[in-house]
Amino acid sequence: MNLVKLFNQLRKQYGSQSWWPVVGHNSLFEISIGAILTQNTTWTNVEKAIKCLLDADLMSPQAISTCASGKLQKCIRSSGYYKQKTKKLKIFSKWLIKKYKGNLRFFLKKSLTTAREELLSLWGIGPETADSILLYAGKKPIFVIDAYTKRLCKKYCVEFKTYNEYQQFFETNLRAGVLGWTKTKLYNEFHALIVRWGKGRGYN
DNA sequence: ACCCAGGCGCATG
DNA sequence: CATGCGCATGGG
């Protein structure tokens with residue numbers, strides 16, 4: 001099945017998603033922190049962690065970069081790999097403060113390619129996390145590939161080896177103008193639908 | 001008592 | 001380049 005058909009099918013089945021799961025106010029920073037915390041874990045576990053960060057007044061680059069690691073670890077414990085993720089949050093926050101005055105909007109003025117490379121250069125941020133930040137916080141036109149995407153693609157379209165191959169496949173087959181959507185909206189909605197699909201049915 | 005989740009970094013062959 | 005492993009909690 002081609003991707004546009006698949007998109008329409010999912011939309012028919014699940015309706016409009018228009019996504020990033022809301023926990024607090026969904027600031028750009030909160031979305032980015034969520035993207036890091038959700039690495040290889042379920043969103044419900046992440047949601048608890050984000051609520052704790054909000055309650056503890058830790059949802060800011062300043063707070064995260066300066067607070068005691070133990071305090072942060074305790075707060076995000078439910079998201080799993082909490083020691084590694086504490087380190088990741090601190091590195092991300094310190095980078096943001098040092099290079100962009102703690103403001104993601106300054107960072108997001110950069111071109112997509114440059115911004116992506118810069119995120120990837122940070123310890124703890126790989127392709128999926130970088131692309132989630134760029135698409136969902138930055139509203140940049142980049143398609144996020146995750147485990148669900150690969151599963152869905154394998155089942156209905158084709159199978160590839162690498163992250164980049166999947167991403168190329170989606171981006172070249174969903175050119176701007178398809179369905180009259182902007183790329184950003186289309187990528188956002190499609191990926192959200194894929195996650196909805198993945199959660200909905202155990203696997204296979 | 002297993003199995004897995006919206007990954008990533010690092011060590012090997 | 002491509003596997004394999006550790007990281008860790010919480011829900012089925």
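The chains referred to below are lettered A, B, ... by the order of the sequence lines, with proteins before strands, and numbering in each begins at 1.
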*OP1, OP2 of dG11(C) versus side-chain N and O of K199(A): anything below 4.0 Å?*
no
*asked:* Angle between ring planes, F169(A) versus F160(A), binned at 30° and 60°: parallel, tilted or perpendicular?
replied: tilted
*Which of these nucleotides, dC8(B), dC10(B), dC7(C), is closest to any side-chain atom of P127(A)?*
dC8(B)
_Distance check needed: dG7(B) P versus K150(A) NZ, whole Å only._
8 Å
_Categorize Y81(A) for me: base, sugar-phosphate, or nothing, with a 4.0 angstrom heavy-atom threshold over every strand shown._
base
*State which of dC8(B), dG10(C), dG9(B) makes the closest approach to the side chain of N45(A).*
dG10(C)
*When the nearest nucleotide of DNA chain B is assigned to L122(A) and to Y136(A) on a heavy-atom basis, which residue is associated with the more 5' position?*
Y136(A)
*From dA5(B), dT9(C), dG6(C), pick the nucleotide closest to the side chain of Y82(A)?*
dT9(C)
_Length of the line joining E47(A):CD and dT9(C):C1', which is rounded to integer Å_ = 16 Å
*How close or far is atom C1' of dC3(B) from atom CG of N40(A), stated in whole angstroms?*
13 Å
*Y163(A) side chain to D131(A) side chain, donor-acceptor N/O pair below 3.5 angstrom*: yes
*Ion pair present between K99(A) and E118(A), side-chain N to carboxylate O less than 4.0 angstrom?*
yes
*Quickly work out the L120(A) CG to dG7(B) P distance and round it to whole Å.*
16 Å
*Reckon I76(A) touches a base, only the sugar-phosphate, or nothing at all at heavy-atom distances under 4.0 Å?*
nothing
*Residue T129(A), side-chain heavy atoms: nucleotide from dG7(B), dG10(C), dC10(B) that is nearest*: dG7(B)
*Separation of F7(A) CZ from E189(A) CD (nearest 0.5 Å)*: 5.5 Å
_Nearest to side-chain heavy atoms of Q39(A), which nucleotide of dT9(C), dC8(B), dA5(B)_ = dC8(B)
*More than 12 heavy atoms of other residues, nucleotides or ligands under 6.0 Å from CD of Q9(A): is that the case?*
no
*What is the distance from CG of D146(A) to P of dA5(B), rounded to the nearest Å?*
11 Å
*Check the pair T114(A) / S111(A) against side chain to side chain donor-acceptor pair (under 3.5 Å), numbers first and verdict last.*
CA-CA 5 Å; T114(A) 318; S111(A) 78; 2.6 Å; yes
*Rounded to the nearest Å, what distance is computed from the CG atom of residue N164(A) to the P atom of nucleotide dC1(C)?*
11 Å
*For dC4(B), which nucleotide is its Watson-Crick or G-U wobble mate, given both distances must be under 3.5 Å?*
dG10(C)
*Nearest of dG10(C), dG7(B), dA8(C) to any side-chain atom of K48(A)?*
dG10(C)
*With a 4.0 Å cut-off on heavy atoms, is I194(A) in touch with a base, just the backbone sugar-phosphate, or nothing at all?*
nothing
*Would you say a side-chain N or O of R151(A) is under 4.0 Å from OP1 or OP2 of dC4(B)?*
no
_Any base atoms under 4.0 Å from T44(A), or only sugar-phosphate, or nothing? Heavy atoms, all strands._
nothing
*What interatomic distance, in whole Å, is found between P of dC4(B) and the corresponding atom of dC5(C)?*
15 Å
_Atom-to-atom span, CD of Q73(A) to C1' of dC7(C) - whole angstrom_ = 13 Å
*What is the distance from CG of L37(A) to P of dA8(C), rounded to the nearest Å?*
13 Å
